[in-house]
Every structure is written in structure tokens, then in C-alpha cells.
Amino acid sequence: TYNIMIRGLCANGDLQNSLVLFNEMEKSGCLRNVITYNTIIGGYCKTGKVDEAVELLKLMQVRNLEPSVVTYNAIINGLCREGRMKETSEILEEMRGKGLKPDEVTYNTLVNGYCREGNFYQALVLHSEMLRNGLSPDVVTYTSLINSMCKTGNLHRAMEFFDQLRARGLYPNDRTYTTLIVGFSQQGLMNEAYKLFNEMISDGFPPSIVTYNALINGHCAVGRMEDALCLTQEMEQRKLVPDVVTYSIIISGFCRNSELERAFCVKQQ
RNA sequence: UCUUAAUCUCUU
């Protein structure tokens, strides 16, 4: 019961109250387990408080609770998000010292961390290390690699990874398609973006608000505001409600076009 | 009940 409540609060970004419950467990004699700690550690890691997470990692051991692979994965993710890639080696070492083997999530987290840092070489090293250790890169691994290629403008290589993913018998999902649509849209290559958009739909993945925002952004980037507005209509037909990102994209688009009147109008909306 | 991938912000 407590774990579920703590999870809900963490998911809402309310670490404060999740800690209240965490402390309350102590008083009410309800024993915390590894999952309780992992949930709070994950909460810290997602809000840029890795150091606090590491404190909890130590504290749980004082209480005779052994950290699991999930515990370490959460910490590694926290470090990756903060750009503290160097420190991940120490954590990996500690984890191995306890006889815990890095799993797919560990590798995916590291691959993504190195990608974000722009260290694509190291990301690929881990990708192959994964294979060597008998772990299979999955759709998450590939989506990170594809994203990295898109962010650096290597759309050709992004598509190569997309092909490689399918050649391995894996299936792209809505996030994979959206990642590519973002990449093409950012370069203003709208024909390619729409091609993927249609492929996504025929593959059975309904476009999400993120997918639409990416396309809208693409139209705005090339100054086609009417097309952008048209898409907001279309998304509403799909029962998707424009969010703050949608509005920000359109406002920036009008500003860039020196159409301040219209920008203010959208802000008002 | 816990861990990994996707969208906006001139300049950076």
C-alpha cells in the first residue's frame, strides 16, 4: 500500500510527500523493502538529486536491504541525466562487486547517456559490449541511437539504424517513429517526415501529441504557418488537445515571421 | 508496487 502511494507521488514529482510516507512507514512499523527504496531513489534521480539517491543507496544497506540491478540502474540514469558519465564506472564497479550483472536497461541507460553527451563512439562501444555479453539491443537501444543521429543531423545514418533494427527482427514503436519524424521535421524535410508519419499509422501506432508537435514545428521552421495551423485542427479531430509545447511552437513561428499580432493572439488563446 | 528511448524557447 505504501509503495503504491509513494510511487504515485513520485510520478507526480511530489518527492516531498513521498518522503513523508517513507518516514511514516518507520513509525507505523511497516517494513520498507527494496522496492520502496528504489522508488524513492528513482524519484531523486529524476529530479536532479543523484547525490541524495546515493545516500539512500548507502542507507538501505545499513538496514540490511541489498540493492538490486534496478537500484543501480536508477542511479546510473541519474548520473547520465546530469552529464556525470565518468561516475557511472564507479557505480558499475560497485554493482559488479556485489555480483550484479548489468542488464539491458543498464546498457540502454548508458548508451543514451553517451548519446546525449555527444559521445557516439562510446555509445557504439557499449552497444557492441552488450552483444558480447549476450544481451540483445532492443527497440529502446535503437531509438537512442536513432535520436542521436537525428540530433547531429545524420538522417541517413538514423535511417540505417532504423533498417538495422528491423533487420534484427525488432519492431519500431511509436517513439521510434516519432524520433525520426522529429529529426526530419527539424531539417524541414517534411515529405520524409510525412512518409514516416503515414508509415507509423499504417503500422498501427496512432500519432501522439509529441508526433504532431514535431510536424508542427517542422512547418513553422520553414515558415509554413498555415500548414502548421492546419495540423492543430487535424490533431483535435484525433482528440488530441494542443498543449503548452504546441502553443509555444506556433508563437515562436509567428514571431520568427514577424507576425507579432498573430503571435499575441495565439498567446491569448 | 521499482529502473532505460521521443516534441517547443532569437542567442548560448
Side-chain angles (χ1 to χ4, degrees), chain A residues 1-11 18 21 32-46 53 56-57 60 65 67-81 91 95 100 102-113 115-116 123 126 130 135 137-148 150-151 158 161 165 172-186 193 196 200 205 207-221 228 235 240 242-253 255-258 263:
Chain A
T1 315
Y2 271 110
N3 286 352
I4 292 170
M5 296 282 296
I6 289 172
R7 173 186 184 270
L9 290 166
C10 283
S18 70
L21 291 182
R32 300 167 183 150
N33 62 16
V34 175
I35 294 184
T36 321
Y37 277 90
N38 287 352
T39 308
I40 304 263
I41 286 173
Y44 273 132
C45 289
K46 285 195 173 132
L56 265 188
L57 167 69
M60 69 191 282
L65 285 174
S68 63
V69 175
V70 172
T71 321
Y72 284 107
N73 287 348
I75 303 259
I76 290 171
N77 183 37
L79 291 171
C80 289
R81 282 169 177 248
I91 298 291
M95 156 175 199
L100 296 172
D103 66 4
E104 283 88 346
V105 173
T106 320
Y107 278 104
N108 286 345
T109 307
L110 289 166
V111 166
N112 191 48
C115 281
R116 284 160 60 142
L126 284 159
M130 214 173 160
L135 297 173
D138 62 13
V139 64
V140 174
T141 326
Y142 278 101
T143 304
S144 284
L145 294 171
I146 290 169
N147 187 38
S148 173
C150 288
K151 289 289 183 292
F161 278 118
L165 171 147
N173 62 23
D174 56 330
R175 285 202 182 200
T176 319
Y177 281 112
T178 300
T179 302
L180 282 164
I181 292 168
V182 169
F184 283 101
S185 297
Q186 277 177 342
L196 286 155
M200 173 177 187
F205 298 105
S208 69
I209 175 114
V210 177
T211 320
Y212 273 102
N213 285 346
L215 288 171
I216 292 169
N217 188 41
H219 286 303
C220 289
M235 68 190 272
L240 291 172
D243 66 2
V244 65
V245 175
T246 321
Y247 284 107
S248 302
I249 292 168
I250 293 177
I251 291 169
S252 311
C255 288
R256 219 177 293 141
N257 267 359
S258 309

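Letters go in sequence order (proteins before strands), and every chain restarts at 1.
Spacing between atom CG of A/L145 and atom C1' of B/rA6 amounts to 14 Å, rounded to whole angstrom units. The OH-P distance, from A/Y177 to B/rA5, rounds to 21 Å in whole Å. A/M60 places its CE atom 15 Å from the P atom of B/rC2, with the value rounded to the nearest Å. Separating the CD1 atom of A/I4 from the C1' atom of B/rC2 is a distance of 12 Å, rounded to the nearest angstrom. The distance between atom CG of A/N108 and atom C1' of B/rA6, rounded to the nearest whole Å, is 14 Å. A/F205 has its CZ atom 13 Å from the C1' atom of B/rA6, to the nearest Å. The interatomic distance linking A/M130 (CE) with B/rU4 (C1') rounds to 10 Å, in whole Å. In this structure, A/I91 places its CD1 atom 16 Å from P of B/rU4, rounding to the nearest Å.
With B/rC2, B/rA6, B/rC8 as the choices, the nucleotide that has an atom nearest any side-chain atom of A/V245 turns out to be B/rC8. Here the nucleotide nearest the side chain of A/I249, chosen from B/rU3, B/rA5, B/rU7, is B/rU7. Taking only side-chain atoms of A/N112, from C-beta outward, the nucleotide of B/rC2, B/rA5, B/rC8 with the closest atom is B/rA5. Considering only the side chain of A/V210, B/rA6 comes nearest among B/rC8, B/rA6, B/rA5. Which of B/rA5, B/rC2, B/rU4 sits closest to the side chain of A/T109 comes down to B/rU4. Checking B/rA5, B/rC2, B/rU7 against every side-chain atom of A/Q186, the shortest atom distance belongs to B/rU7.
Residue contacts shown for A/T143 include a base, since a base heavy atom lies under 4.0 Å away. Using a 4.0 Å heavy-atom cutoff across all strands shown, A/T178 reaches at least one base atom of the nucleic acid. Among the atoms of the strands shown, none is found under 4.0 Å from any heavy atom of A/E104.
One finds a side-chain N or O of A/R7 lying less than 4.0 angstrom from the OP1 or OP2 phosphate oxygen of B/rC2. The phosphate of B/rA5 (OP1 or OP2) has no side-chain N or O of A/K151 nearer than 4.0 angstrom. Put simply, A/N147 has no side-chain N or O that comes within less than 4.0 Å of OP1 or OP2 on B/rA5.
Side chain of A/S248 to main chain of A/V244: a donor-acceptor pair is present (N/O by atom type, distance under 3.5 Å, no hydrogens or angles).
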> For A/T178 and A/M200, what are the C-alpha separation, side-chain angles and deciding distance, and is it a side chain to side chain contact (heavy atoms under 4.5 Å, CB included)?
Replying inline: CA-CA 8 Å; A/T178 300; A/M200 173 177 187; 3.6 Å; yes
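Taking 3.5 Å as the limit, the base of B/rA6 and the side chain of A/D174 contain no donor-acceptor pair of atoms between them.
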Just the table, please: protein N/O against nucleotides 9-12 of chain B N/O, every pair under 3.5 Å.
none

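The two residues A/L196 and A/Y177 come nearest to each other via the heavy atoms O-CD2, 3.9 Å. Smallest separation of non-hydrogen atoms from A/R32 and A/L65: O-CD1, 3.6 Å.
For the pair A/S18 and A/I40, the minimum side-chain heavy-atom distance is below 4.5 Å.
Side-chain contact of A/N112 with A/N147: a donor-acceptor pair under 3.5 Å is absent, judged by distance alone. Side-chain atoms of A/T71 and A/S68 include a donor-acceptor pair closer than 3.5 Å. The closest side-chain donor-acceptor pair between A/T176 and A/N173 falls under 3.5 angstrom.
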